[in-house]
Structure formats: C-alpha cells, structure tokens
Amino acid sequence: MPDAILQAKGVTAGYVPDLPILKDVSITARAGQVTLIIGPNGAGKSTLIKAIAGLVQMSAGQIAFDGGDITGIRPDQLAQHGISYVPQTDNIFRSLTIRQNLDLALRGARGDAAATLARLFDQFPALAAKHRDKAGTLSGGQRQFLAIAMALASAPKLILMDEPSAGLSPKAAQEVLEHARALTEQGVSILLVEQNVNQALRLADHCYILAEGRNQVDGSAADLLGDSIVGEIYLGGRRVGAA
Amino acid sequence: MIGVISYLVFFATTASILAIAVLGLNLQWGNTGLFNGGVVAFFGAGAYATLILGGTPQAGHLGGFELFYPLALLGGMAAAGLLAWIVGLLTLRLRHDYLAIATFGVAVAFENLMRNAEWLAGGAKGVRGFERPLREALGDGFLYNLLFFAVVLVILIATYLFLERLVASPFGRLLRAIREDEEAAQSLGKNPTKIRLTAFVTGSVILGLAGGLYGTFYAFVSPQDVLPTLTFQIWAMLIVGGAGNNRGAIFGAFLIWGAWTASGWALSRFAPVEAQLYTGSVQFILIGSVIVGMLMWRPQGLLPEKLVVSQRGKTPLVKQGV
Amino acid sequence: MIQNLIDGVLTGSYISLGAIGLTLVMHILRFANFSHAELLSLGAYVALVFDALVSALVPVFAVKIAPLSLTWALSAAILISMVITAISALLIDRLVFKRVREKGQELSMVFASFGMALIIRNVIGLIFGLSPELYSKDIAFAMILSRDPLILVKPDQIFVLVAALVLMFLLHLVLSRTTFGYSLRAVAENPSLAQVNGVNLSRTIMAVWLIGGGLAAVAGVFYGLSHQLIPVMGRDLVLPIFAATIVGGIGSVYGAVLGGFIVGIAGNLALVILPSGYTPSVPFLLIIFVLMIRPNGLFGEARA
C-alpha cells in the first residue's frame, strides 16, 4: 500500500461554533491514488475539504500532510505546501481572461512560470486556443479544465477536488473525471468529493462514505462498487452514529 | 423653581419625541438590520406634512388645509411612509449598501428641496402659520407645555408597547430571521424583500410621527431642522442605548440628548469667546467619537438585545483571515 | 450648453478619481464607506500644508508652471499628500474599521464610517478654520476657446483632466497587465477563491486602501484647484462619488471612471434646466434613475 500523503484525524468542524457539521471524521489519502469521498447531501463532504484547506475552522482534530502538520493552515499558503484546491462552483475568475487566471495561479509557483504555462497549454489545448477570452465565456466542462489547470500551476502533490462533475453533461463529466484519474500518473494525488457515485467509484482507488457528518464505511473502490451498503447509506437505511 | 421645572418639561418633551424616532429606527436597524442613512428625511417629511396639512393658509406656499390636528398628524405619518415605500421599493432587493446610499441621498435631496422650493414649503424661511392644537383653550404657558408633554409621553408609551408586541409576534421573529440569515428565511418560503419593506415603511411612519410631534411642539419647521446632524444624533442614541432593545432605544435617547444639551451648554459657557464658532465642530467630533467608540468597544450598546438570536449562517470576511 | 458639458467633464475628472477608491473598498470590504470623501479633503489640506512648506524651504519651487496656476511646490505637495493620505486611509482601517469588522456585524461598518467622517471633517475644521482656503490667490485667467457661443476653459482645468486621465490609464495598466492587478480583481470577484490561489487577503486589502487613499488625495487637490478648500468639502462630495459608483456598478473601476464623468456632466447640464440651488440633489436623482432602469449599474454584476 502506498504511503499516506494526507491524514485527517478526528476532524470536528462547522461554520458556526457549537454546531459542528463534521463530527470526529478521519480519512487518509495515499500518494498517487484517487481517494474518493461520497455520501448523501449534507453529509459534510465539502465541509471536510474546506476544513483541510483552512476555509472552515476546525474545533478539534489534526491534519497531517506529507510529514508535516497543516492543521489550521491559511488558505493562501496551501500552494506553498503543495496542495491545490478546486472548489465546486465559482472555481475560476469569470472577469479575468483564461491567461490571466493562469498567470494569477502561477504567481506564487516555484520554477519557470513560462515553461509551466506552456506545459499547461499543451495539456489543455482548448484553453490555449481561447487564452485571450474572458473565463466567464467558457463552457461548463472547459471551466473545470481551467480550474484544474490553475490547480496544477503550483505543481502540487495533492489536489482537493470538490464535485468537479457537478452541473456537467454526462460526457463532459466523464472527461473531467478521467482527466483527474490521469493526473495520478503525473504523480499527483487526488482527494475527490463526488455525487456521481458509480462513475467516481470506477476510477477511484479507495473510498470513504460519510453521512450526517460522520465516517460510515470505507474500503477499496472496487469492493464498494458492487456493494449494497452504498445504496443503503444513501437511502438512509443504515447509519453509524446517526442522531 | 418653576423655571427649572419648566425647562425640565421642555427637555423631557424633546427627548421623548426623539425617543419615538429612535424606536422607529430600532425597528429598521435593530430588529431588521436595515440601514437608514437619511433618518432626518422621514422625520422631516412627518414634520413638514403635519404643518402643511394642519396650518392656516399662507401666502406663497402650499398649505393652509387647516385639517383637524389628529388627521394632520396622520397625514405626516403617511407622507413619511410613502417616501419610505418609494425608496424601499427601489433599493431593498439590492445589496444593503444601496439602501444606505439611497436613504442618505433622500436626506440630502429632501433638505435641498425644502430649502429651495419656496412654493412648496416656504424655502429657507420654513413653514409658518401653524396653530398648536387647543392653544386657544390652554394658552401658551406652562400648562400647555405640561399637557403637551403628557400627550407625547402617552404616544411614546403606546409606540413602545406596539413595537414590543410586534417584535414578540411571529412577524418580529421573521424580521430577526431575515436580519440573521436572509437565505434561510427565503428557504422558509418567505419573501424577505416584502417583509423588509414592511418593516422599513413601519419604522419610517414612526419616524414621521416623531417629526410631526416635533413640528407641532415648535409650531414651525424649516430646513435648519432637517440637517444631517439629527440623523447622527438619532443613530448615536440607538447605538448607545442598544440596537434591538426598545428600552435601550428610549434610554439612549434621553442619555444622548442630555449629553448633547449639556455639552452645548458647557461649551457656550466655558469655552473662550473666540472658540465659540467651533462649538459645533467639537460637538460633532464628540458624537462621531461616541458612535465609533461604541462600535469598537461595546457594539451591543448599554442595554443589549435580550433575545437569543439564531447564529449567523454566513462566515464573515474577517473569519476568512482578514 | 457646450460650456456646461465641458465643465461637466472637468468636474467628472475628480469625481472619477474619488469614486475609483470608493468602489474598490465597497466591493472588497462590502460596506458603503461614507468617510471616503473625507480622504479627499484630507488630501487637499495636506497638500495645502506641504505647498506652503515646500515654497518656504525651496523658494525656487514657488514658481508657477506657466500657463497653470499650479506651482512646482504644489506639484511636489500633491505627491507627498498622496503618500500621507494613503497611509492615513490604511491607519484608519487598522485603528477603526478593522476592529469593528472583527467585532462582528459587517453592517456596523457603515455607522463607523459615518462616525469617522464626522470626526475627520470637524478636526480639519478645528485645525484650518472654517473659512475657505485657496492654493493660489492669483486669479487664473480663462482661455477663450470660442466667442460664439462663449466657451471658456482655464489651463488648470485642462491640466486636471489630463492628469486624471493619465492616472486612470496607469491604474488600467496595473489592473490589466500585472499579476498584482489580477489579484485585486480576483479578490473583488471571489475572495476565498483568490485565497486558495495564493492571494494574501489582508495584503490586498491594504493595497486597496493605499490606492484609494492616494487617488483620493489627488481628487481632493483637483477639487481645490477647481473650486476652493473648505473643511466640509467632503460633505458636498460624498453623494457625487457614491452616485458615480452606483452608475458604474459597485466594484467596477471602469464603471467608476465612466460614472464619475456622467455624474459631473449631469450636474453641470442640470444647470440648464434647474436653478443652481438644486445641484446637490442631482446625484440623488441619478442614483434613483439608475436603480430604476439598471440596478447593477453600467458594468456591475449582481451580488448578494
């Protein structure tokens, strides 16, 4: 089994003090793998990613990343630690051009920015062709690719992705998810939150299921794919620690 | 001795009228979170309309309808409410800065109109020719002032009781829900814009009532009575007293009006003659400092809101590390 | 009529400069800053002090740059004033607004800004007295551009317009060509996304106050060159610059520029049909007009 790249232990967090959305959640993401988090609406999946990214305050728990402690990190320092975060919606700057979006993401990046930009345009030719256009004019799928390209700009070890397929056509969703999978071959680890359970389970390595802010089950994605427990948790038939 | 009592009655009447205005603002700001940057326009609309409707005919400007006094006062309240309805309709569905700017603009334009439009309200000379109700029966003396004070006090208490019941009602809970989290209120199937408009208009009607009483008390109103100063004073009263708390609003009105009067008296008495010109500047700095100081050190005011409010749903910018 | 239009463009140049900083602050910190206009008067008075100081220390500088009434000393004073006003804007945020923000209610910031406006305005009144001041006591002669219809323009007014346009162009270059500019626009559009892309929010806010304060200082001096300095000039400027931000759309720098010119021109054209006493109401009418037909302004986007 590959080494853990990110370990969240006992995370309790929420938007309002005394009203935690996440209760004592622990997950581990392994290097070079796609780690998937699924669960019904309101399970706290996005909140978990935001807590890791420092956008939501944690009242308890630790986050370890790549041998260091990043609990309570400031969001603007994520990239310096080697983490990128792709939010679910509004994940690009609509009023900036595609090139300006990328330049902004490249600003703090190590290494040769021009070379990185050229590489990103190679990887996403559709973006290269439209680099002078306002990002707001892009289609849903292209926006996700721009957001992923921005995430890659800082050469991260781990990308946190919050429902990259949300709002996309099935075809575009498949493309985006496959691209996410392909990133692991470049040595990037992915922590993925998805609603598109079946598609996501097919390309993930390991999967955690959350419900009502708590860990329910976890296991290899291949095992969970055919398991009836997934459906049971979604339908509310079976819960661990449900209130 | 009668001089002191007479002055106290005069002071208490003014303070009570202002307290009614602070109660109106409290419904808007304290209970609903609506910023009114032009308190004085709604207060002024009440004063001007009451005097124009209830006054005797004057050459050169509108008025002289000689309405029965309670009707004139109601007319003043209606004028303030109408003004609020128009402004609210245009701004309440937009982000909150628009209401702040538009209401501030209303106050500037209102004063500007009253100062310039002689045909409407006498221009800079103001509205004259208003007879205080029952003056013929009671005369102009101490007795009249005492009775007038009693009437104002009754209206103040009635306004207070009305607002307390309103705030405790389901409608009051809705107002606070909207103040705390508009999206949540919307998800309950309520139309926040409409509810905010109702609260804004109701608060402005109360401001108009205070204005009408103020105009009646002096039997005169001019552009000098509708300067932005009054807006700042009424805010300071609410912030010091405690936004959201009606008793705090009344307490703040008496406290700040007392402090304002006392500081004005002390400056005119003890400041050197050559500095007298700057009395106003010093008082403005004091009132600005009171507002800023309270917000920095005791934003809940001296008498904080008693009700437990639901927690805010949105993370303010500060918590994001600013 | 043409004269009114020209005067309007010239008025618009300083309203635009004032509105740029205001629109940025309103968008990023999400509050209507009623004390922004006081930064204009602060800038104007700081320049007055340093104009006198530089003239006294370096008498050669007290020479006019013909054909303007502007001296070298005042030019230097403008630069000094930009720096001092920018730092003051930052300090006011640190000492007051930041603390109020941290106390909780964002809405209270509007009250705090009114309080600050009262304090700044009246402290200036206490220090400099209530009577008007001028940068130059000499009467500036207007150039006659045309005799029929009679159109007059003062050289100073041309300078004000050109300088304002140059500053706006510089700001445009920063916003459209530098990653610093992108980061400002990014924070305006989506603060938390900007953060996860490595933008330091508190540093960006500092930059916004510095830019807003610096431009406000220039706007204040230009107002002083066109009219006169009075301690309550902020009171008269606050509504026009707010109107400019609303006409342009809150948050849009280009909108603020265009809005400023529209407000300036509307104010001067209104003189054709309305008695001059009503001029202070014109920005308000413009605000109402825009709210009725296009509530998010020319360039603004809807945002909760």
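Convention: sequence-line order gives letters A, B, ...; per-chain numbering from 1.
If you measure heavy-atom distances from C:Leu274 to chain B, you find no contacts under 4.5 Å at all. Interface remark: C:Phe31 contributes backbone atoms only to the contact with chain B (heavy atom separation under 4.5 Å). Proximity to chain C is limited to the side chain of B:Phe232, based on heavy atoms less than 4.5 angstrom apart. Contact of B:Leu113 with chain C is made through backbone and side chain together, with heavy-atom distances under 4.5 Å. Both the backbone and the side chain of C:Ile119 have a heavy atom closer than 4.5 Å to some heavy atom of chain B. For chain C, the nearby parts of B:Val106 are the backbone and the side chain; heavy atoms of each come within less than 4.5 Å. Of the atoms belonging to B:Leu89, not a single heavy atom falls under 4.5 Å from chain C. For B:Ala243, no part lies near chain C; criterion is any non-hydrogen pair under 4.5 Å. Heavy-atom distances place the side chain of B:Ile291, and not its backbone, under 4.5 Å from chain C.
Atom-to-atom distance recorded for B:Met296:CE and C:Glu102:CD is 10.5 Å, nearest 0.5 angstrom.
Scanning both residues, B:Ala109 and C:Ser281, for their nearest heavy atoms gives CA-OG, 3.5 Å. The shortest heavy-atom contact between C:Leu291 and B:Tyr98 is CD2-CD2, 3.5 Å. Across every non-hydrogen atom of C:Ala112 and B:Leu295, the tightest pair is N-CD1, 3.4 Å.
Listed options C:Ile287, C:Val238, C:Ile246 were ranked by heavy-atom pairs under 4.5 angstrom with chain B; first place goes to C:Ile246.
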Please walk me through it: do B:Phe104 and C:Phe242 pass ring pair (Phe, Tyr, Trp, His ring centres under 6.0 Å)?
-> CA-CA 10 Å; B:Phe104 177 76; C:Phe242 268 124; 7.2 Å; no

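Put simply, the side chain of B:Asn116 gets close to the backbone of C:Gly277: a donor and an acceptor are under 3.5 Å apart.
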